[in-house]
A.B. asks: 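Could you have a look at this structure, given as structure tokens, before my questions?
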Amino acid sequence: MKVTRQSYLAIFLLFTFSSILLAQESQVSINHQGKNFNMLKHAWTAQWITHPTASTMDYGVFNFRRTFELKEAPSTFVVHLSADNRYKLFVNGTFVGRGPAIGDIAHWRYETHDIAPLLKAGSNVIAVEVINFGEFRHAKQQTFQTAFIMQGAESNVADINTTKNSNWKVYKNEAYSSIPFVSDSVGGYYAAGPGDRVDGSQYPWGWNQLDFDDSEWAKPRLAMVEFAVGRGFLFGSTWYLVPRSIPFLSDSTTRFSEVAMSTNIKVPKKFMLGTEAVTVPANTSVSILLDHKTHTVGYPKLSVSKGNNATIKTTYAEALFYQSSSEFSAHGGWKKGPRNQLKDQEIRGYYDIYSPDGGDNRVFQPQAMRTFRFVQLDISTGDEPLVINDFYNIYSVYPFEEKATFESDDTSLNAIWKAAWLTLQNSATDQFEDPYYEQLQYIGDTRIESLVSIFVSGDDRLMRKAIQQFDDSRMPNGLTQSRYPSYINQVIPPYSLFWIGMIHDYSRFRNDPAFIEGYLPGIKSVLGWFENKEDDSGMLAQLDWWNFTDWSEGFQNGIPVGADDGHSANVSLQYALALQNAADIFEQLGDLTQATQYRNQAQAMIDAVLKYCYDNQRQLIAERPEKDVFSQHTNVFAILTDAIATEEQSALMERLLTDEDLIQSSIYFRFYLTRAMQKAGTADQYLSGLTPWQDMLDRGMTTFGETDINPRSECHGWSASPCFDFIHTVAGIQSAASGFQKVLITPNFGHLKKVKASFPHPNGPLTVDFKLDKNGKLNGTITLPADISGKFKWKEQQLQLNPGINKI
């Protein structure tokens with residue numbers, strides 16, 4: 001049978017819609033000057049448009065233009081737009097923004113801009129660049145076909161809607177082609193999209209300016225879709241449009257700090273400041289290795305003049321590499337070296353290739369976000385010299401504001417806080433993600449990242465979006481996907497349990513029952529899948545999919561022993577913990593019957609684990625009934641679920657921290673180890689466990705990695721947990737009731753003598769200021785926001801806390 005593009009598209013759509021349970025979203029109305037646009041329930045007046053002849057399935061960059069006249073500059077001019085895959089919006093030559101925020105076909109984001117400040121009386125132009133990354137697109141990028149839509153508010157003084165008969169024009173930008181990368185070429189599993197190859201001689205320079213001649217451009221055709229609709233429309237279409245739910249990313253300029261190495265050229269110091277150009281002579285090959293000094297993300301901007309027939313290869317890397325005979329080698333014989341000692345190391349990573357056309361002030365910038373600390377320019381010129389006018393980065397991340405503070409008498413903790421917060425920032429764009437290798441939003445990472453973000457910034461919008469998207473990912477079997485959005489289906493059943501944990505976290509730290517209530521069906525569906533995996537023993541058995549728990553030596557591919565082919569105490573206790581979390585959620589919302597059922601199921605699971613896996617001699621729970629493998633992880637869950645009696649948890653934790661024969665927690669799972677330490681009353685030992693983070697700093701890392709030893713990724717949001725724990729564990733600021741309506745302050749000083757912290761509680765700033773005297777007596781103040789009370793616990797002492805200043 002011959003498979004046409006149309007039949008392939010139909011199969012793809014069938015798969016997409018059959019594998020996603022279309023979650024209900026609240027109806028959203030947008031009001032502009034009294035004109036109510038119900039953008040979700042009705043069909044749009046605008047239509048999706050695309051290029052009339054080019055493939056809408058393959059890689060391509062397309063430029064759209066719409067010129068129009070205004071009698072006077074308007075006070076407001078609102079536009080709603082979206083594109084598949086991505087767009088960049090310009091108005092009268094000025095960059096406005098990029099989008100849409102990442103979503104799936106059933107929840108495709110549109111965005112709203114008021115472009116009035118950029119408009120003027122007379123002629124104006126709206127210009128939009130749309131890219132389809134094609135076959136080698138980012139794994140997070142779902143797609144239907146190349147298309148673009150823009151709809152103006154009814155109050156606008158000019159009609160700029162994209163319709164069949166509108167005056168929009170389109171051009172396929174033949175300057176662009178893609179550079180595909182595979183995991184082997186980048187040094188680890190890679191899913192973050194292609195590089196750009198740009199031929200400046202074919203680029204329509206000035207295409208987004210008003211005076212550009214677009215007379216030869218084509219008239220767009222309608223995309224292969226009936227019409228544009230919102231998510232709540234009465235029947236089906238293709239993209240279901242929903243509004244962007246998070247703020248636009250924050251763009252700022254950052255510059256490289258120094259030239260780390262150069263070959264065949266001397267780079268003036270003022271080039272780093274952007275005040276002096278670099279000239280590469282004709283018929284020359286040079287290399288310039290630039291060090292940003294800190295890990296960063298964004299859209300590096302290269303401005304050049306002249307250099308006709310030159311080639312500029314721009315390679316991006318988080319670290320440099322040296323040849324190694326070690327068995328562990330991310331790049332086939334190459335290994336990351338000390339980040340600040342660059343001798344005998346070289347750059348390896350993904351890259352873009354730019355070919356200037358000889359014009360002046362030509363600007364090249366990648367189509368997608370790049371991640372790097374080091375960038376190398378490998379330049380070969382032809383018969384004309386190349387002038388590099390400037391090269392800097394547009395740092396583009398979610399606009400988190402660092403509101404929390406932490407101070408102590410151990411200044412080394414300041415560097416850990418700083419690097420942890422940068423780790424979180426560089427892992428947060430319009431979703432939480434590993435920025436270099438994957439740019440995918442995983443539940444395991446996102447749960448920790450969400451807690452860091454709300455504890456440091458107080459901003460919960462990215463957490464809410466993530467919870468919603470994982471709910472959108474649920475499959476007919478009841479489980480969420482492990483990472484979402486993604487067009488590559490991956491399932492990690494324990495991550496579905498951690499999704500329930502995320503909702504439980506939100507219920508503890510935000511008083512928002514209406515939001516939580518929307519996820520009760522999803523919670524039930526996840527727990528129902530696990531319930532069906534119980535066998536006669538009462539434990540979970542013969543689990544499907546990838547039951548990842550931690551990247552620990554002793555867990556093959558991160559999977560606890562027994563999870564795939566037997567009975568896993570580890571995953572069984574994770575299930576019990578999720579049942580307990582679900583019980584809390586249902587009880588909070590008034591469903592006591594369901595809460596009781598889940599608590600009874602949790603206890604039955606715990607009883608079965610103890611019956612088959614508890615080892616009386618070692619006083620530990622084994623990984624499986626054979627009692628031949630033991631880990632910290634399973635016994636951490638034993639503490640968190642109260643499988644081990646409260647009065648015995650402290651002694652168990654001491655065994656977990658001292659028994660080196662146990663499978664040890666990685667920096668990721670230490671987040672859960674710390675939760676168990678807090679519960680067991682041994683969190684004074686938390687600070688002594690920060691060695692992996694300090695070791696990464698000692699190796700010159702400026703963000704924290706996926707693992708602390710030989711990390712693939714130099715920046716992995718789950719290792720930002722110290723920012724959460726310095727506030728939650730060391731300063732001891734915890735929620736004592738749903739919605740953070742009461743607080744518990746129980747500090748864990750470890751070796752510290754002074755701790756001062758501020759925290760953005762939903763009701764207002766919460767501060768603590770503690771000091772220990774030479775006799776170990778604690779003094780200080782706790783300031784609570786309005787309407788918030790709680791308790792202070794210190795060793796055997798307990799005090800009532802009231803709104804305002806409390807002296808300790």
Side-chain angles (χ1 to χ4, degrees), residues 93 95 175-177 179 195-209 251-294 296-317 320 342 346-396:
F95 175 71
Y176 281 93
S177 57
I179 304 172
D196 299 328
R197 188 186 302 272
V198 186
D199 181 353
S201 67
Q202 298 192 66
Y203 192 91
W205 297 105
W207 71 273
N208 56 13
Q209 302 295 322
D251 283 7
S252 59
T253 297
T254 65
R255 306 199 69 90
F256 292 91
S257 296
E258 68 179 25
V259 177
M261 289 184 281
S262 62
T263 304
N264 296 334
I265 193 167
K266 184 175 182 180
V267 181
K269 292 182 179 180
K270 290 184 179 180
F271 174 71
M272 310 309 296
L273 302 175
T275 58
E276 185 173 351
V278 176
T279 298
V280 182
N283 302 306
T284 304
S285 293
V286 306
S287 290
I288 304 172
L289 178 65
L290 300 173
D291 186 353
H292 193 269
K293 286 297 186 183
T294 58
T296 194
V297 299
Y299 298 82
K301 204 166 188 176
L302 176 67
S303 172
V304 301
S305 296
K306 301 183 178 179
N308 187 36
N309 293 324
T311 300
I312 307 167
K313 180 182 179 182
T314 309
T315 305
Y316 311 90
L320 301 184
L342 310 184
E346 67 177 61
I347 198 165
R348 303 178 72 81
Y350 58 71
Y351 52 86
D352 301 311
I353 297 177
Y354 305 133
S355 300
D357 68 327
D360 291 331
N361 300 311
R362 300 309 202 197
V363 174
F364 296 92
Q365 195 172 24
Q367 288 286 351
M369 184 186 80
R370 302 297 185 238
T371 304
F372 57 92
R373 170 176 167 176
F374 299 96
V375 174
Q376 182 162 299
L377 304 176
D378 291 304
I379 303 168
S380 296
T381 56
D383 293 335
E384 183 178 36
L386 172 72
V387 179
I388 306 175
N389 303 315
D390 203 359
F391 187 45
Y392 56 91
N393 184 44
I394 302 299
Y395 182 57
S396 185

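One-based numbering along the sequence shown. Values in this document were obtained by computation on a predicted structure and should not be read as measured data.
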A.B. asks: Examine distances only and state if a side-chain atom of Trp205 and a backbone atom of Gly200 form a donor-acceptor pair shorter than 3.5 Å.
C.D. replies: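 Yes, because the side chain of Trp205 sits within donor-acceptor range (under 3.5 Å) of the backbone of Gly200.
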A.B. asks: What is the distance from atom CD1 of Ile379 to atom OG1 of Thr314, rounded to the nearest 0.5 Å?
C.D. replies: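 The OG1 atom of Thr314 is 8.0 Å from CD1 of Ile379, to the nearest 0.5 Å.
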A.B. asks: Can Lys313 be said to sit on top of Tyr351's aromatic six-ring, NZ or CZ under 6.0 Å from centre and within 45° of the ring axis?
C.D. replies: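 The answer is yes; both the distance and angle limits are met.
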A.B. asks: Where the side chain of Thr254 meets the backbone of Tyr395, is there a donor-acceptor pair that is under 3.5 Å apart?
C.D. replies: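 No: the side chain of Thr254 does not pair with the backbone of Tyr395.
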A.B. asks: Just verifying a value: how many Å separate Asn309 CG and Leu386 CG, rounded to the nearest 0.5 Å?
C.D. replies: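 Answer for the CG-CG pair, Asn309 versus Leu386, is 11.5 Å.
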A.B. asks: Between Glu384 and Asn308, is there a donor-acceptor pair closer than 3.5 Å when you use the side chain of the first and the backbone of the second?
C.D. replies: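 A pair under 3.5 Å: yes.
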A.B. asks: Check whether any side-chain heavy atom of Asp352 lies under 4.5 Å from a side-chain heavy atom of Tyr316, and answer yes or no.
C.D. replies: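 Asp352 reaches Tyr316 side chain to side chain.
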A.B. asks: Looking only at atom types and distance, does a side-chain atom of Asp390 sit under 3.5 Å from a main-chain N or O of Ser303, one as donor and one as acceptor?
C.D. replies: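 Side chain of Asp390 to backbone of Ser303: no pair is present.
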A.B. asks: Answer yes or no: is there a donor N or O on one side and an acceptor on the other, between the side chain of Ser305 and the main chain of Asn361, under 3.5 Å?
C.D. replies: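 Checking the backbone N and O of Asn361 against the side chain of Ser305, a donor-acceptor pair under 3.5 Å is found.
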A.B. asks: Check Arg370 with Asp196, please: is the shortest side-chain N to carboxylate O separation under 4.0 Å?
C.D. replies: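 Salt bridge between Asp196 and Arg370, a charged N being under 4.0 Å from a carboxylate O: yes.
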A.B. asks: Which distance, rounded to the nearest 0.5 Å, do you find between the CG of Leu377 and the OG of Ser287?
C.D. replies: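 Result: 8.5 Å between the selected atoms.
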A.B. asks: Does CG in Asp383 sit with more than 12 non-hydrogen atoms of other residues, nucleotides or ligands closer than 6.0 Å?
C.D. replies: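 Open.
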A.B. asks: A side-chain contact here means heavy atoms from C-beta on lying under 4.5 Å apart; do Val375 and Phe391 qualify?
C.D. replies: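 Heavy-atom side-chain distance check passes, below 4.5 Å.
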A.B. asks: Quick check: does any side chain N or O of Thr284 sit under 3.5 Å from a backbone N or O of Thr381, one acting as donor and the other as acceptor?
C.D. replies: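 It does not hold such a pair.
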A.B. asks: Is it the case that the side chain of Asn393 and the backbone of Val297 share a donor-acceptor pair, with hydrogens and angles ignored and the cut-off at 3.5 Å?
C.D. replies: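 Looks like yes, one N/O pair under 3.5 Å.
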A.B. asks: Could you walk me through whether Met369 and Tyr299 pass the side chain to side chain contact (heavy atoms under 4.5 Å, CB included) check?
C.D. replies: CA-CA 6 Å; Met369 184 186 80; Tyr299 298 82; 4.0 Å; yes
A.B. asks: Where do Ser262 and Val259 come nearest, in terms of heavy atoms and distance?
C.D. replies: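 Result for this residue pair: CB-CG1, 4.1 Å.
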A.B. asks: Where do Val304 and Ile388 come nearest, in terms of heavy atoms and distance?
C.D. replies: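 Minimum heavy-atom separation between Val304 and Ile388: CG1-CA, 4.3 Å.
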A.B. asks: Check whether the ring centres of Phe256 and Phe372 lie less than 6.0 Å apart, and answer yes or no.
C.D. replies: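 Between Phe256 and Phe372, the centre distance is under 6.0 Å.
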A.B. asks: Are Phe95 and Asn208 close enough that some pair of their side-chain heavy atoms sits under 4.5 Å apart?
C.D. replies: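 No, every pair of side-chain atoms sits at 4.5 Å or beyond.
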A.B. asks: Are Lys306 and Asp360 within salt-bridge range, i.e. N to O under 4.0 Å?
C.D. replies: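 Looking at Lys306 and Asp360, the cut-off is not met.
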A.B. asks: Is there a side-chain contact between Leu289 and Phe374, using heavy atoms and a 4.5 Å cut-off?
C.D. replies: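 They are in side-chain contact.
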A.B. asks: Enter the distance from Ile179:CD1 to Arg197:CZ here, rounded to the nearest 0.5 Å.
C.D. replies: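 Answer rounded to 0.5 Å: 4.5 Å.
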A.B. asks: Tell me, with the steps shown, if Ile312 and Asp378 meet side chain to side chain contact (heavy atoms under 4.5 Å, CB included).
C.D. replies: CA-CA 6 Å; Ile312 307 167; Asp378 291 304; over 6 Å; no
A.B. asks: Do you know the tightest heavy-atom contact between Ala317 and Ile347?
C.D. replies: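 The answer is CB-CG1, 3.5 Å.
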A.B. asks: Testing the 3.5 Å rule here: is there a donor-acceptor pair between the side chains of Ser285 and Ser380?
C.D. replies: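 Result is yes, a qualifying pair exists.
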A.B. asks: Just by modelled atom types, is the Asp199 backbone N or O under 3.5 Å from a matching donor or acceptor in the Ser201 side chain?
C.D. replies: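 Between the backbone of Asp199 and the side chain of Ser201 there is no qualifying donor-acceptor contact (under 3.5 Å).
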A.B. asks: Taking all atoms of both residues into account, what is the closest heavy-atom pair of His292 and Ser257, and its distance?
C.D. replies: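 Looking at all heavy atoms of both residues, the shortest contact is O-OG, 3.3 Å.
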A.B. asks: In plain terms, say whether Asp291 and Arg373 are close enough for a salt bridge, that is, a side-chain N and a carboxylate O under 4.0 Å apart.
C.D. replies: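 Looking at Asp291 and Arg373, the cut-off is met.
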A.B. asks: Do Val198 and Ile353 have side chains that get closer than 4.5 Å, going by heavy atoms?
C.D. replies: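 Of all side-chain heavy-atom pairs linking Ile353 with Val198, none is under 4.5 Å.
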A.B. asks: Would you check if Val387 and Asn389 make a side-chain contact, meaning some heavy-atom pair closer than 4.5 Å?
C.D. replies: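 Yes, their side chains come closer than 4.5 Å.
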